[in-house]
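Just the heavy atoms: all of them, side chains too, but no hydrogens, waters or symmetry mates, feed the values below.
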Amino acid sequence: MRMRISPSFGSAMASSFTVCRLHTIGRGSLVKCLQKVDTFLHRNIGTNVVAVQEEKNGFKSLNAVQAERQEQAERSVLISCHSRTNEKKFLKYIANYGDIQKYFFYESYGMYAVVEFANQESVASLFEGTAIPSISHESVVPFKSRLLSMRNLDSVDLPNQPSGKKRQAQTSIPINELIQRLSKEESIDQQITSLTEAYQLTEENCRLRFLVCSLLKDIAAGFFPECTIKPFGSSVNGFGKLGCDLDMFLDLDGISGRNATIPKSGLFLEYQMKRANLERIVTQNILSVIGECVDQFGPGKILNARCPLVRFAHQPSGFQCDLTANNRVAMKSTELLYLYGELDPRVRHLVFTVRCWARAHGITSSIPGAWISNFSLTVMVLFFLQRRSPPIIPTLDHLRDLAGPEDKSVIEDNDCTFVSDFSKIQLESNTETLEQLLCEFFEFYASFSFRTLSINIRKGKEQNKPEVAPLHIQNPFETTLNVSKNVNASQLDRFVALCQESSWLIQQNNTAPSRDGTKGKATITPWGVSTLLLPSQVAGIKTRKRRKFEPASERIKSLLESLKNTNQQNQS
């Protein structure tokens with residue numbers, strides 16, 4: 001039997017395209033490599049255990065984690081496999097080119113395998129053994145990408161027998177299945193933890209995201225040597241949900257000689273570029289070049305190439321990708337959210353639960369509009385945690401005061417400075433449970449004076465609104481901006497009304513019901529957090545405007561009667 005591995009090209013792969021979400025089994029996230037005994041566990045990927053490295057206090061800065069991930073990605077390849085490729089034969093063949101550190105299979109637009117070698121020399125050795133396919137009807141550009149195609153390594157199993165590969169399913173479970181899972185837990189704290197485990201990014205998914213960035217950098221480096229492409233946003237800040245978009249940043253500042261002192265005489269780099277009066281036009285020209293290459297030679301389909309980003313669908317991974325080159329403030333926001341999520345595990349748990357609740361009731365949406373964004377919702381959670389007594393997380397101004405000279409960061413006249421050394425941050429002793437925090441979150445915003453006050457995590461306290469807008473949340477770094485300016489009064493009213501009802505619901509259903517056996521199976525009744533995800537529980541909520549004259553006591557009395565009648569019907 002003869003087998004050939006060949007580089008994959010856009011011309012060969014840009015046939016019909018369907019965006020597929022990745023699936024993975026188990027728990028994990030980017031920060032899984034940071035050992036937190038009460039939150040994260042070791043688990044196997046392929047045949048190897050994920051290595052866990054600790055820095056001082058058991059924490060790593062986001063920059064350190066990204067550097068490690070990028071180095072791993074440089075030693076990795078992405079291989080398109082036949083649907084019935086035999087796993088043992090596959091590994092035996094690939095091992096001929098070097099030691100395999102980790103590997104896993106997943107299914108998107110076909111079957112794929114991510115393979116990480118012990119060193120980059122193994123990748124070079126693999127390239128030497130590859131062949132460029134002969135395609136008579138197309139002109140093939142011999143660009144050697146680390147996206148390869150495996151051929152003629154079929155399973156010896158019978159046609160109706162499953163392959164031996166362990167496919168990593170990587171999509172968040174449906175909401176109905178999640179409700180059933182949460183209803184089986186014994187406490188609300190366990191429900192919140194289980195929800196986080198079900199929705200957060202896994203170790204495999206994080207590795208694949210960094211590998212996609214690395215593969216795109218290979219394309220961009222042909223025009224911009226020494227450039228780097230880094231993920232940011234939900235892919236790395238610790239709050240990403242399975243299936244979220246992949247935001248990427250093209251960094252050209254690391255090119256050697258860019259920040260060198262200009263000598264009076266000596267060698268200068270010769271380059272040619274059309275003059276442009278605006279930085280926006282320069283950025284658009286740079287991104288359009290990369291976008292055209294991805295569209296023509298890479299396994300991607302351009303969805304939108306308008307400045308300031310190139311949006312494309314990456315076929316092998318199934319990710320929706322956004323590439324930008326001038327969004328450094330967003331990079332600092334990513335670092336800040338990562339830091340807050342690492343300071344206390346309750347931060348991440350509460351954010352995941354509130355986000356899931358908001359999506360279940362249409363408060364947030366993947367479609368642009370007047371909805372509250374996930375970023376705005378996350379800032380609202382952080383602000384609430386700063387307002388606890390004692391506070392669970394510090395204010396941004398306090399983190400700035402703890403910063404050293406190496407942390408100094410000013411981007412476009414915006415002060416983006418905050419401490420990066422976790423050991424300098426001393427947290428106060430707050431022992432509130434997740435159940436208490438979730439109930440208090442709903443009560444806090446059910447009575448918050450959105451009409452007159454603004455949310456500000458720099459100060460950690462309410463401030464008077466600087467502008468007329470239904471919801472005002474100050475951008476942490478670009479302080480003159482309102483990150484929730486798109487939200488209209490109707491959507492804010494729905495949010496407040498849902499907070500009111502959810503606060504009442506979780507207090508009335510905070511105990512797991514007794515399980516009655518029926519024909520050998522226990523009856524599962526939604527309770528606690530799971531009741532908050534049921535649309536029927538909040539049906540009929542419109543806006544506060546229609547209900548502002550209705551006393552709160554009457555509203556609660558009506559809900560109590562409704563719940564009582566429902567329980568009587570269930571018992572009968």
Side-chain angles (χ1 to χ4, degrees), residues 7-10 13 30 62-80 112 114-117 119-124 126-127 130 141-148 205-236 245-258 271 282-302 305 308-328 330-331 334:
S8 299
F9 300 93
M13 297 184 65
L30 167 67
L62 180 58
N63 289 334
V65 174
Q66 285 187 305
E68 180 180 329
R69 292 291 191 182
Q70 288 166 359
E71 194 274 334
Q72 291 172 343
E74 294 295 327
R75 295 185 275 110
S76 302
V77 295
L78 181 58
I79 302 177
S80 174
Y112 292 89
V114 174
V115 179
E116 178 191 333
F117 289 101
N119 51 61
Q120 293 190 33
E121 288 73 17
S122 298
V123 177
L126 182 63
F127 274 156
T130 63
V141 179
F143 167 71
K144 284 201 169 184
S145 167
R146 283 178 291 134
L147 173 58
L148 308 169
N205 198 281
C206 289
R207 286 179 179 272
L208 185 58
R209 288 172 184 269
F210 274 86
L211 179 53
V212 170
C213 290
S214 182
L215 294 176
L216 187 61
K217 189 210 75 170
D218 291 346
I219 296 177
F223 298 92
F224 310 103
E226 302 179 42
C227 73
T228 57
I229 293 181
K230 305 174 182 177
F232 71 96
S234 56
S235 293
V236 290
D245 292 351
L246 172 57
D247 296 312
M248 298 180 287
F249 176 75
L250 173 65
D251 189 359
L252 302 176
D253 288 351
I255 297 176
S256 58
R258 181 181 179 90
Y271 68 93
V282 175
T283 302
Q284 187 172 17
N285 292 339
I286 291 173
L287 293 178
S288 63
V289 170
I290 299 176
E292 184 68 20
C293 290
V294 171
D295 195 37
Q296 295 295 328
F297 309 118
K301 180 179 180 181
I302 297 296
L309 58 83
V310 173
R311 175 166 295 169
F312 65 96
H314 187 257
Q315 183 168 322
S317 66
F319 293 142
Q320 295 269 6
C321 303
D322 289 341
L323 175 66
T324 183
N326 60 352
N327 204 4
R328 293 192 174 277
M331 298 287 288
T334 299

Distance-minimising heavy-atom pair for [X] and [Y]:
X: Leu211; Y: Ala73; answer: CD1-O, 3.7 Å
X: Val310; Y: Leu287; answer: CG2-O, 3.5 Å
X: Lys230; Y: Cys213; answer: C-SG, 4.2 Å
X: Thr283; Y: Ala325; answer: CG2-CB, 3.9 Å
X: Arg311; Y: Asp322; answer: NE-OD1, 2.7 Å
X: Gly233; Y: Thr334; answer: N-OG1, 2.9 Å

Practice item. Dump the intermediate steps for side chain to side chain contact (heavy atoms under 4.5 Å, CB included) on Phe319 and Ser235, then the final yes or no. Key: CA-CA 11 Å; Phe319 293 142; Ser235 293; over 6 Å; no
How about [X] and [Y]: do any of their side-chain heavy atoms sit closer than 4.5 Å?
X: Cys227; Y: Leu250; answer: yes
X: Gln70; Y: Thr228; answer: no
X: Pro231; Y: Leu246; answer: yes
X: Asn327; Y: Phe232; answer: yes
X: Phe223; Y: Ile286; answer: no

If I take atom [atom1] from residue [X] and atom [atom2] from residue [Y], how far apart are they, to the nearest 0.5 angstrom?
X: Asn119; Y: Glu71; atom1: CG; atom2: CD; answer: 9.5 Å
X: His314; Y: Arg209; atom1: NE2; atom2: CZ; answer: 12.5 Å
X: Met331; Y: Gln66; atom1: CE; atom2: CD; answer: 5.5 Å
X: Cys321; Y: Met248; atom1: SG; atom2: CE; answer: 4.0 Å
X: Leu252; Y: Ile229; atom1: CG; atom2: CD1; answer: 9.0 Å
X: Cys293; Y: Leu216; atom1: SG; atom2: CG; answer: 10.0 Å

Point to revise | Asn205 side chain vs Leu208 backbone, donor-acceptor pair below 3.5 Å | key: no
Check your understanding: Given Glu74 and Lys217, is the side chain to side chain contact (heavy atoms under 4.5 Å, CB included) satisfied, shown in steps?
Key -> CA-CA 10 Å; Glu74 294 295 327; Lys217 189 210 75 170; 3.3 Å; yes
**Study point:** side chain to side chain contact (heavy atoms under 4.5 Å, CB included) evaluation trace for Asp251 with Arg328
**Key:** CA-CA 9 Å; Asp251 189 359; Arg328 293 192 174 277; 2.7 Å; yes
Check your understanding: Are Asp295 and Phe312 close enough, and set up right, to give a side chain to side chain contact (heavy atoms under 4.5 Å, CB included), and what steps lead you there?
Key -> CA-CA 8 Å; Asp295 195 37; Phe312 65 96; over 6 Å; no
Exercise for review: Examine the side chains of Ser288 and Asn285 and answer whether a donor and an acceptor come within less than 3.5 Å of each other.
Suggested key: no
